[in-house]
Amino acid sequence: MSVQNDYDLIVAGAGLAGTLAATMAARGGASVLLVDRNEEMNVGKKTNWGWTCGDAVAASHIDFIEESVGIKFSSPELDMPVDGVMALSPDLNSRFPFDGKGFSLNRPVFERKLLSIARKEKIDYQSKFEVTGPVIEDGFVKGITGRDRDGKNVEYRSKVVIDSLGVSTVLRRKLPENNFIDRMVDINDIESTGRYIYSFELEHEDSNFYDEKYALIHLNNELAPGGYGWVFPKANHKVNIGLGVQKRALDIRNNAMGRSDNLQTLIDNYVKWLPNFKNLKVDDSDNNGKGIWSVPVRRQMESLVYNGYMGAGDSMTMPNPISAGGIGPALIAGVIAGKNAAESISKGDVSVSGLWKYNVDFNKKYGKKMGGMEIFRIYLQSVNNEILNYGMKTFLTKKEASDLTVGMIPELSLAGKAKMIIKGMKNINAFSNLVYTVKKMNEMNRIYENYPESPKKFDSFKEKVVGEIENTKKKFPTSPL
């Protein structure tokens, strides 16, 4: 194996987080190597199927990177503006808007633009590079090993490595055993997702199934056990239709219904369930018309750093636990990680302590509400369609529901809503569970509001977080039917 030139920073994975991290670190004075397993035209591509994703992102996240990077985004990378996300109950009688204005992205074009921005900073960039592991010396990550485009085994050295290789990253999994970063992700905290991008014609107008102003989410534990289906509008009479499921919920649903559905059959059945589309044709532009992928739906790792190592995006389980939206947190993390990496390198301290500010900055900007959101996700996966229908109609106002989806905790009490709920003990118990969940979300938010300013108090912080999550999982086992 040949050992190549030293760098201040190696960024592994040129997706959303990785390209922004490389850009910001280079601007901070670091020498940067950015590697990606794809050809340059396919930068950030997740699998052979494409950039499998719902492609929706809040306008506030685009604003953040525009301000941070100093560049404007527009069409064609911002494919379609939307007024927000609309969640629908299983019976379609309740609709809750949340997330505010946003965009449906043309993901391949967006990724290529981010790479072009990074390359203007005179980074070194290698495509078709397969990372095989970290270089570990004296308890520090000192670089990466991998195979270049010619299949040659190569080792690159650096002061810091930023891992943006995705949820199954080999770098995180091959870290030394440590209490800062979980090397493995529980399968019950992962959703299997898949989607099609179609061109289409409308058979008839029905905003329950397609709305060009909103990204629609269908909550329905028979159609999408433990997850949801989505219909996200795109420009030029195109639409992104997809579905995510939790494996445990799918197994329970299949056993109860005597079915043998898998992710692909569920997606195809969901497409057939939508009544108002005709002449659906897969749009295979950029070979991106269909695909499947796994998305983590837990809080981000309690720490995002180890000695000589930082993580950003799905590698650190950053997607929103309720919506599984990962674009926004990846963009935010990329910017913050790149800045902090350059600062720590310039100061000559790339230990856990020297990199710790990244943890604090990300927690303040985005991460502090994700633990509470995970508790709400666990609760949602424990209720069936009947409770979802009744709860969305009775338990919450639209504002309360919207607040919950962004981590704001409404004031809920049995006394305040008793007149609306008393139609049987089952409904009172269901509402009591929601009140309990909201209380636990509040408690988790308070824990994260006191995120440790240094590694010294990290162990006790993590113990509290993990304890709250495990207790919630015990109280609310997955029960889709």
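No hydrogens, no waters, no symmetry mates; every other heavy atom, side chains included, goes into these values.
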For a quick test of reading the model, state the closest non-hydrogen atom pair linking [X] to [Y] and the distance between them.
X	Y	result
L243	L223	CD1-O, 3.5 Å
P329	Y366	CB-CE2, 3.6 Å
A224	G229	CB-N, 3.9 Å
V141	I136	CG2-CD1, 3.7 Å
E66	F73	OE2-N, 2.8 Å
A312	G334	CB-N, 4.5 Å

Could you measure the distance from the [atom1] atom of [X] to the [atom2] atom of [Y]? Nearest 0.5 Å is fine.
X	Y	atom1	atom2	result
E40	K128	CD	NZ	13.0 Å
N240	C53	CG	SG	7.5 Å
Y306	N179	OH	CG	11.5 Å
S315	I162	OG	CD1	10.0 Å
F362	M301	CZ	CE	12.5 Å
S158	K142	OG	NZ	9.5 Å

Hey, is [X] close enough to [Y] for a salt bridge, meaning N to O under 4.0 Å?
X	Y	value
E449	R446	no
R107	E111	yes
K365	D361	no

With no hydrogens and no angle check, do the side chains of [X] and [Y] hold a donor and an acceptor under 3.5 Å apart?
X	Y	value
N359	S303	yes
S382	S479	no
R195	N288	yes
Y228	N220	no
Q126	Y156	yes
T317	R299	no

Could you list all the side-chain hydrogen bond (donor to acceptor under 3.5 Å, both in side chains) pairs where at least one residue sits in residues 75-85, not counting sequence neighbours?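 As it turns out, the side-chain hydrogen bond (donor to acceptor under 3.5 Å, both in side chains) pairs with a partner in residues 75-85, which skip direct neighbours, are E77-K113, D83-K101.
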Salt bridge (charged side-chain N to carboxylate O under 4.0 Å, His left out) between K462 and D182: does it pass, once the steps are laid out? CA-CA 11 Å; K462 183 173 182 179; D182 296 336; 3.0 Å; yes
Is a donor on one side and an acceptor on the other found under 3.5 Å between the side chain of [X] and the backbone of [Y]?
X	Y	result
N178	P176	yes
N42	N38	no
E191	S294	no
T472	E468	yes
R183	L175	yes
N363	Y451	no
R298	N188	no
D55	S104	no
R253	P480	no
S344	G354	yes

Salt bridge (charged side-chain N to carboxylate O under 4.0 Å, His left out), that's the test. Do K290 and D268 meet it? Break it down for me. CA-CA 11 Å; K290 62 179 180 179; D268 291 338; over 6 Å; no
Between D286 and R112, is a salt bridge (charged side-chain N to carboxylate O under 4.0 Å, His left out) present by the stated rule, with each step listed? CA-CA 12 Å; D286 285 300; R112 289 194 282 264; 3.4 Å; yes
Trace of the side chain to side chain contact (heavy atoms under 4.5 Å, CB included) decision for V131 with T145: CA-CA 6 Å; V131 178; T145 59; 6.0 Å; no
Would you check, one step at a time, whether the test side chain to side chain contact (heavy atoms under 4.5 Å, CB included) holds for S351 with F140? CA-CA 8 Å; S351 66; F140 276 72; 4.0 Å; yes
Given the rule in the salt bridge (charged side-chain N to carboxylate O under 4.0 Å, His left out) test, do R157 and E155 qualify, once you have shown the distances and angles that lead to the verdict? CA-CA 7 Å; R157 293 281 181 140; E155 179 180 298; 2.8 Å; yes
Can you list every salt bridge (Lys or Arg N to Asp or Glu O under 4.0 Å) pair that touches residues 159-175, not counting sequence neighbours?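 Applying salt bridge (Lys or Arg N to Asp or Glu O under 4.0 Å) to every pair that reaches into residues 159-175, excluding sequence neighbours, yields D8-K159.
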If you apply the rule side chain to side chain contact (heavy atoms under 4.5 Å, CB included), what do you find for L250 with L266, and how did you get there? CA-CA 10 Å; L250 175 58; L266 288 174; 3.6 Å; yes
Close aromatic pair by centroid cut-off 6.0 Å: F458 and W356: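 Yes: the rings meet the under 6.0 Å criterion.
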Centroid-centroid distance, Y448 to F461, less than 6.0 Å: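 Judged by ring-centre distance (under 6.0 Å), Y448 and F461 do meet the cut-off.
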